[in-house]
Amino acid sequence: MNPSRRHPLSLDDFILSRRDFLTRTGMGFGWIGLAGLFGAGTPASAAPDRYVNPLAPREPHFAPKARRVIHLFMNGGPSHVDTFDPKPALGRYAGKLLPMENPKTERRTGAAMPSPYKFQPYGESGIEISEIFARTAERADDLCVIRSMHADVPNHEPSLLLMNCGEARLIRPAVGSWVTYGLGTENQNLPGFIVMCPGGYPIQESQNWQSAFLPGVFQGTYINTANVEIEKLIENVRNRYVSPGRQRRQLDLLMELNRQHQAAREEDPQLEARIQSFELAYRMQLEATDAFDVSREPAAIREMYGRGVQARQLLIARRLIERGVRFVQVWHGAGQPWDNHDDLEVNHRRLAGECDQAIAALLTDLKQRGLLEETLVIWGGEFGRTPTVELPQPGSNAGKINGRDHNHYGFSMWLAGGGVKGGYVHGATDEFGFAAAENKVHVHDLHATMLRLLGFDHERLTYRYAGRDFRLTDVHGRVVDDLLA
Amino acid sequence: MPKRSALKPLRRVEAIGRVVAALALAPVALPARGQAAADEPARQILESIRTLQADPEALERAIATLAWRLERLQAEAAASRTEEPSAPTPASAVARLRLELEGIERRLEALAQAIEALGQGRAAEIPSVAPPTTLSPADQRRPLEALMDVLRALAREAGAGVETLKVGPTPGVAAAAFPPEALEFFERRIRPILVEHCQSCHGPEKQKSGLRLDTREAVLRGGSMGPAVIPGDPPGSRLIQAVRHQGELKMPAEADPLPQEAIRALEDWVRIGLPWPAEGEPSVASEPPTAEAAIARARQTHWAFRPVRRPPVPAARDETWARTPIDSFIRARLEERGLEPSPPADRRTLIRRAYFDLIGLPPTAEEIRAFVEDPDPRAFEGVVDRLLASPRYGERWGRHWLDVARYADTKGYLFEEERAFAFSYTYRDYVIAAFNEDKPFDRFVIEQIAADLLPLGEDKTPLAALGFLTLGRRFLNNVHDITDDRIDVVTRGFLGLTVSCARCHDHKYDPIPSEDYYSLYGVFRGAVEPPEPPFLREPEPSPEYEAYQRELEEREAAYRTYRADRWVGVLAELRARVGDYLLAAHETLGLAEEDAFQAYARDRKLHPPAIRAWQKRLEAASETPHDPIWAPWRALAALPDDEFTTRAAPLAAALARNAEGDRPLNPLLARAFEGPPPASMKEVAERYGRLLTEADRHWAVMLQGQAQIAAQENAPTAEPPTALPDPAEEALRQVLYAADSPVNIRDGQLETYLDLETLAELRRRRTAIDRVKSTHPGRPPRAMALVEADKPFDPYVFVRGSPGNKGPEVPRRFLAVLSPGQRRPFERGSGRLELAEAIASQENPLTARVLVNRVWLLHFGRGLVDTPSDFGLRSEPPTHPELLDWLADAFVAGGWSLKRLHRLILLSAVYQQAGADRAAARAVDPENRLLWRFPRGRLDFEAMRDSLLQVAGVLDLKMGGPPVELTEPPFPTRRTVYGFVERQNLPALFRTFDFANPDAHSPQRFTTTVPQQALFLMNSSFVAELARKLAGREEARASATAGDRLRALYRLALSREPSEEELTSAARFILAQGWLGPPPPEPPPVWRYGYGEYDAEAKSLISFAPLPHFADGQWRGGPQMPDPTLGWLMLNRGGGHPGGDAAHAVIRRWVAPREAVVAVEGTLRHPSEQGDGVLAYVFSSREGELGRWAARNGETAAEVTRAEVRRGDTLDFIVGCGGDESFDNFQWAPTIRVIEERAAAAVIGAGEIEWNARAGFQGPPPPRPTPLDPWAELAQALLMTNEFMFVD
C-alpha cells in the first residue's frame, strides 16, 4: 500500500539493487517461500546504471510539461503591491488607517502606504506590472502571475524553509533535492541541483537546499557567484599539479589497473560504476569550466543580460539549464536583500534594477532557444510585504517610516514556461493587498503544482524514512489546475 | 492418512486439516509441561492444539484464506510466465517444491501422530515423533502459524495448475478468531488504506451517509445505503464497486482513485471474510477503540514485540561446515533453498576484511604475510583478538555509534549565538573509550540517558555520555523541537521505534498512541542543561590551562566593567532627571494604554520601568499616614487640574509655614514652597527635583573630598562618609539612595534600561566569553550534561502537536507496547533513570535485537532486519528471525559484550566465506539475502581517508580532544573521527562521500558513486600531497632499482607484490610521463595591492611598492595595526586607509589581461563625520591621470568614461590623505568594464568583461604547488584504484 513502491525509484535502487522487489510488488508482503520462487527467475540486476548512479535520468509518473526548473529567489520578501499586484485603493487611504484591523505581522504597521511606483498594463494580456519591473513586464504574455499566494508565518526563517523545503521547522529535503531524486539529471558532468548566491549565504544558509534524509548527492551544490574563477565555483574541478595530458595518461593507467582488478572478479556494477565515475569526472573538468564561463557567450547576448552579478548568474543559469542541469536556484544575494523595512522606495527600485533586465533577457533567451517550453521559471520571495507602513520601534527600521513589514497573508509569485499558462493572472488579494482572497494558493499548492508540471503526482513522490513515507507536500498540497496551460 | 495421489492438493489439505482438527478436538489430557527449551516442539504442538480447541473454526478459516492465496499464487505464476519469458523455467522450483512437500508431509503426519499420542496419554513420545530436526526453524515460531505453514506448503504444489477448490468464507465469524496472517494482512495492507483514504469521512469524527469504516461491525452494518461489504463477495460489495468506480458511487470522493494495488487488496480482504482484529465496539461518537486493544494485539502478534527466546540451533544436513551456531541458522536457510555456502576466503582476503571491518585501516604487507604464513589453524582468532584489543577498534566502531547518535560539533542554525558546541568532543571520546573498554551495552544505554542520576563515585567521566541527548540540533532554541529530537534519537536509536511519528497524532501504523509520546516528552522536558557544564575531571595546571584562565578572566572583566559602567551611568541619569521622572509618574497615571505610556516615555527619552517604579513609590508614600517628604506631593497631586492654581496657593503657603507640630515636614521641602505658589504639577515636580539633585550633588562633593584626602600621602585613614551632615538633606538623599529607592535597579533588570547599541555590545562581550570557553585550546574538558529540573514536567498531550492545544494529562511512563502487565508511572523525579533502565532491561524485546542487527548490518552490509531503526509493524520481517533472536539472547547472556558479539560473528564460517559470485546461487537468491557468499563492500569516508593517510605514512594516531577542521589546509592527519562536523553547513566533501547526515539519527549510510568523489581523488591537494608522501616514503625511495621501487610502492599502497604485467604497465607509465610538460601556468592576478608616492601636480606616479602583509581581510604593513613603519595604511575589500603623507598613498592596481577599451565606475566615500577627507586619483600607465576626486565626510561619484588598455597595462586607484590622516577610512571599490573589444577578442569571447574591486579582492594567492613527479602520479593512481577502495 505504499504508492512509492510503484514509482520507478526507491532508495534500494541506489544502494542495494532490487531488494524484495517482487515480494513487495507482487503480494504486498512476503508469503513464506514465495519470494524465492519468483526471485529465482530474474537476473541480478536489470539496470546496473540505476543501481549505483542516483543521478541517472529517470521518467516521472506522467508525461512532464517541464523538464528543468530555474527558481529566481528574491530573498527577504519583495513587496507584491509594488511589483505585480497593483492596489489603487491604497492611494485613497494614503496616510490613513485602513478600514480594517491590520493583520498581525512581525512588527506593528500603521496607515496605508500607496506604492510609490506607477503600474501599467503590458502585452496582449494587459497584466498590470510596476515600472520597476518594466523590462520583465515586456514578457507579460509569458508570465503566469499568482497574486494569491499565502504562507504560514511572517518570519524569514520558517518561511524560507517552507518555500524551499515544504516545512517550516523540521529537517526536510529541498524542492530541488526532491526533483533530482525523482528525475535524476540529464548531464552527468555537472551537478543536478545547483544553487547560486552572490557574496555568501541567505538566512538559514545551506538548509535552504538541504537533502535532509535523502542521499547527500541530492543536496544543492552551492556556488558563490561573486567569484568568477571556476575553481572557486566547483570544488576540485582543476588540477594544479599536472598537465591535462599527464592526467589523461594517469587515468588511462588507472583504467588499466582497474580492469586487471575486475578481470579476477565477476561483473559487479559497483566496480564498473566507479571506473566510469573517473571518466565522468575527467569530462566534468572541461564541461563545468565551460558552463560557468559566460565570456564564451557572444557579445550581443551578454549585452542583452546587462551588467552586474545578477546578469552573470542568470546567464550562467541558462547555460546550465541548456546543458541539462535539472534544478537551478538563483538567489538575489547574501542575507535578505529584499527585506526593506525602511527606505522601500529607493531599495526596491535598486534591487529590481539589478535584476529586471537580466530576468527579461533570460525569458527571451530561453524562448529563442526553444528552452522555455520545457523550463519552468519561478520568481518570488518567501513572502510579501504589508500594504501598510511599518511603525518605528526599537530594533526595526532605523526609526524611518517609509518601509513595509513582512506579510505572509498574501503575496505574488510568477511562473513562466514549463507548461504554465502565459499572460494569465491567478487569484487576487483583498482590496488593499493584505491577504490572499480569491483562489488562494498556499506554498504547498505551489509545490504540488510544480511537481505536476514536472510529471509527478505529489502524493506519490515519496521516500520512506524513519518509519513513514515522506513527501514534499507532507499531508497538504493540491494541484492548481488553472495554472496549467 | 489418505494417500497423496488420491486427492487433489487442496482437498487433501482440507482432509488432513480435518483430521488434525478432529484429533485436536478430542478430549485430550494435556500434560502440564514443556517450558524447557528441549521440550519446545512438544510445547508448541500442545499450544497448537489448545488454540484449535479454543476455536474450532480457526482451521476452517485458515483453509479459506489458503484457498484465496492459492488463487493469487496461480495468477502470479501465470503472469510471471508471460511477462518474463527469459526467466528460468520453474522446473527447478517445482523440483524443490516437491522435496519440500515430502518434508511437509512427514511433519504433518508427525503432528497427527503427536496429537493421537497425546490423546492416548503417551505424551512422552512426542519429542521423538516430532524432533526439532523435522520441524524447520520457520515451524517453531508460532504454533498456529506453524500449522498454517504446513498447510500452505501442501497447497503450494497446486500452483502447477490443478483445479482449485472454492472454499467460501464464513461471514460474520467472531473477529478475534482470524488467523494471525490474515490479521497481519489487514494491519499491513488494509488498515492503512482505511486510515488514509476512508476514515476522514467515515470514521469517528464524520460519518458521511451514516457509514463508518473503523470497525468490522460497522463495515458490515453499513450506512444509509446498506451494508458496505458482503463478506466473500467482492463484486457484490458496495465498497468494492465504489473504489472501482463502477456505478454512481465513486470513492474516495474528490480525490484520485485508489491505486490498483490497493483496490486488489481490498477485494482480497472482502474475499477472505473481512479479517479484522478483535476490538471493542466503539460507543457512538466516543474514542475509536484503538489504543489498548491494538497495543495488546501487536505485543502478541508482531515478531519484534514478542519476548526474545533462545531458539534451538537447527541441525543442517552438512554439519561439517558450521563453526558457530550462527552458521547452523544460515546453513539451514540455505539448504531450504537448495543452496551451498561459498568456500572459505583465502587468508589475504580474510585479514584485509577483518582489518577494515574492526579498525577501519588496511593491514600492512608484513601483517598479511605473517598471517598467511602462520601454520596455526586458529591464527585468525589471534588476528581478531588483536584487532579487538587495539584502540583503533574504538575509533572505528565508536564512529558507527556516532551515526546513531547524530553526532555533530555545532548546534545548527542560530541567529547570533555561538554555534559551536564547546564539549561535544567529550561525548565522542566517551563513546570511543566505551567501545575500547567493552563497556556492557546495557550500562552504555543507561549512561547515555541518565548518567547524572547514577551513583558515579569519583569517576565523573560517564557524565560525558549525556551528550547523546544534548548534542542535537537546537532549532533556534525551540524547546519542543529539541525535546522531539531527543525522543527520536532515543527511540529510533535504541528501540528501533519511530515514536516521533506520534507527536501530532497516534502513530499511523505502530501501536504508539500520542499519549506515549507525551509521556516521554515529560521525561525529557524534566531535564535541563546546567548553566555551567560540569568538569569531567578537575583541571590540572598547565601553561595552556593558565593561558585559558587568563584570557577568560580578561574577557569576563571586560564584560563586568562595561556592564557596571553602564549601570552607574543609568543610575546617574535617573538621579539627574528625578524631577522629570516625578512629573512623568504623575502624568502617566491616567494613561490606560500601554502603547500610549510607551510613547510618552519614548518622546521624553525616559526609561519606562523607572517611571513605573516612581509610581509605585508615590503610591506607597500616599498610603503612609504622614510622610515628611511626600505629604505635600500627595496633597498637591490630589488637586483637580482646573482648580490647581486657585487651590495650590493656600496649600503652598501652609506647607511653607510647616506649622503643624505633630506632622512636621522636611524643613528643606517646606522652604521650597516659600515664595510664589506652584502653577502646576510640573512646577511641583521641578521643585522636588531641584531639592533631590541638590542633595545628590552635595553627596558627590563630599565623596570627592574624601577621596582627595585619602589620595594624599600620610593622610589619616578616614571612614568613608555614611550620611550628609544635615539630617533634612540626608533624608532627601535617602530618597535616591535607599535600598527601596526607585533609582535602584536590581540585577537582572538592568537590560530593560539599556539601549539597543549597548545591549548589542553586551552581547558581543558575552559571546567573546563563550567563545573562549568553547574554543580556547586550554579549556578543561566538561560534560555536555543534563540535570533534573527543579520540578518534573507534568506532561499533557499537545493536540495535533501544538503546544497551545492542551489535551489530556498523561503520566511520565514507558511505552505501552513494551510494558506488559500493569504499567506504572515513573516514580523517581522526571523518570529518566527509570526510562533508561526499562530500555536497557533484558526483558525489553527490542534493545538487544536492534543492537545485534546493527552490528550484523555493519559486518555484512545489510541487516537481518532491513530497516535497522524501524522494527515496527510495517518493517520487513527478519530474513533469519531465529538467528536474530539467538544472537540477541547470546548477546545478553554474554553480559551485553560487543567484543564477544564481534568475535562470535567473525569466527563464523559465514563471515569467512569467499566473496566470489556463483551464477547458480545468484539465480536463486540474487541479492544474497541468505548469505551464500560474503558481500563486497566499499570503504566509507572515514576508512578511505584514514587509509590514504596511513599508506602515505603520515597518519597521526593521537586520540581524543577537540575536533580538527579536516577540509582546510594545512590538512590535519588525525583520524577522520576527530574531524570537526559542522551540522549547519556540512562541507561538500563529507556529503560527497555519503557521510551520515548529522541532523538526525542515521540508521544506515548510503553508498553512492558520483564523479565528485573521483574529482577529490584526482585533483584535491589533500590527495596529491599524500601521493607525493607515499612516493617519497623511505621504504620506496631507498630501493636499489626502479623495479624495486615499484614493488615497494605496491607493497605500501596495496599491501602486496605487483604482478609482472603490472610492473610493466607501471614502468611504461613512469618512463613516458617524463616527456610531458608541467601544468599550464596560472593566470597572473588581476588586482594588486600597494602604496607609493603620487605627484599630484606633475600628475605622475613616483613609486609603487606592494603591501607586504595580509591579515584580517586587509593588505597592510605588518601583523600589528598600526604598523611601526606604515602606520594605519591598508587596503581591504571595499576601501582602505591611506598613510600620513604624500609618499604613502594607498594604491589598488588593476592589470589589464587583454587589449580593450574600458570605463571605470564607482563611488568614493569618506564616511566619517570628522577629519579633513581623502584625495583620490585614477592613473593609467598608458594615458596618465584619468581623473581626480576629493571626498570629505561624504561621497562623490568617481568615474572614467573611457580608457584604452593593452595587455599588461595598469590602472592605479590611488588614495592619499587630505593633509591629516585622522579619520581617513575610505570606501572605494571601483568597477572596470569593457566597453569596446579590440581585435579577435570581440568575436571569440575573450574572458571576463567586468572586474569589480570588491568581488575580485584577494589575499595572497596560495603558493603554486610543486608539480607531481611521475612516481607520485603513479602512487596517486594506486590510491585511486578499485582495489584500494573495495573490500572483498
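For the residue pair B:N1019/A:Q247, the side-chain donor-acceptor check at 3.5 Å is satisfied. No hydrogens or angles considered: nothing links the side chains of A:Q262 and A:R265 as a donor-acceptor pair under 3.5 Å.
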**Item:** A:D252 vs A:R249, salt bridge (Lys or Arg N to Asp or Glu O under 4.0 Å): CA-CA, chis, key distance, verdict
**Value:** CA-CA 5 Å; A:D252 289 344; A:R249 282 189 51 97; over 6 Å; no
**Prompt:** Does the pair B:T1231 and B:N1252 meet the rule for a side chain to side chain donor-acceptor pair (under 3.5 Å), with working shown?
**Reply:** CA-CA 4 Å; B:T1231 299; B:N1252 176 262; 2.8 Å; yes
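Ranked by heavy-atom pairs under 4.5 Å with chain A, the list B:H1001, B:R1254, B:E1283, B:Q598 is led by B:E1283. Between chain A and the residues B:D870, B:N985, B:D1288, the most heavy-atom pairs under 4.5 angstrom are made by B:N985. Per-residue heavy-atom pair counts under 4.5 Å with chain B were compared for A:R307, A:R169, A:E235, and the maximum is reached by A:R307. Among the candidates A:A212, A:S211, A:P198, the residue making the largest number of heavy-atom pairs closer than 4.5 Å to chain B is A:A212. Counting heavy-atom pairs closer than 4.5 Å to chain A, the top-ranked of the candidates B:E1061, B:R1233, B:Q1012, B:R1068 is B:R1233. Ranked by heavy-atom pairs under 4.5 Å with chain A, the first of B:R938, B:R492, B:E1062, B:Q1276 is B:R492. Each of B:H507, B:R1028, B:M1285, B:K508 has some count of heavy-atom pairs under 4.5 Å with chain A, and the biggest count is that of B:M1285.
Atom CZ of A:R108 sits in a sparse spot, with 12 or fewer heavy atoms from other residues, nucleotides or ligands closer than 6.0 Å.
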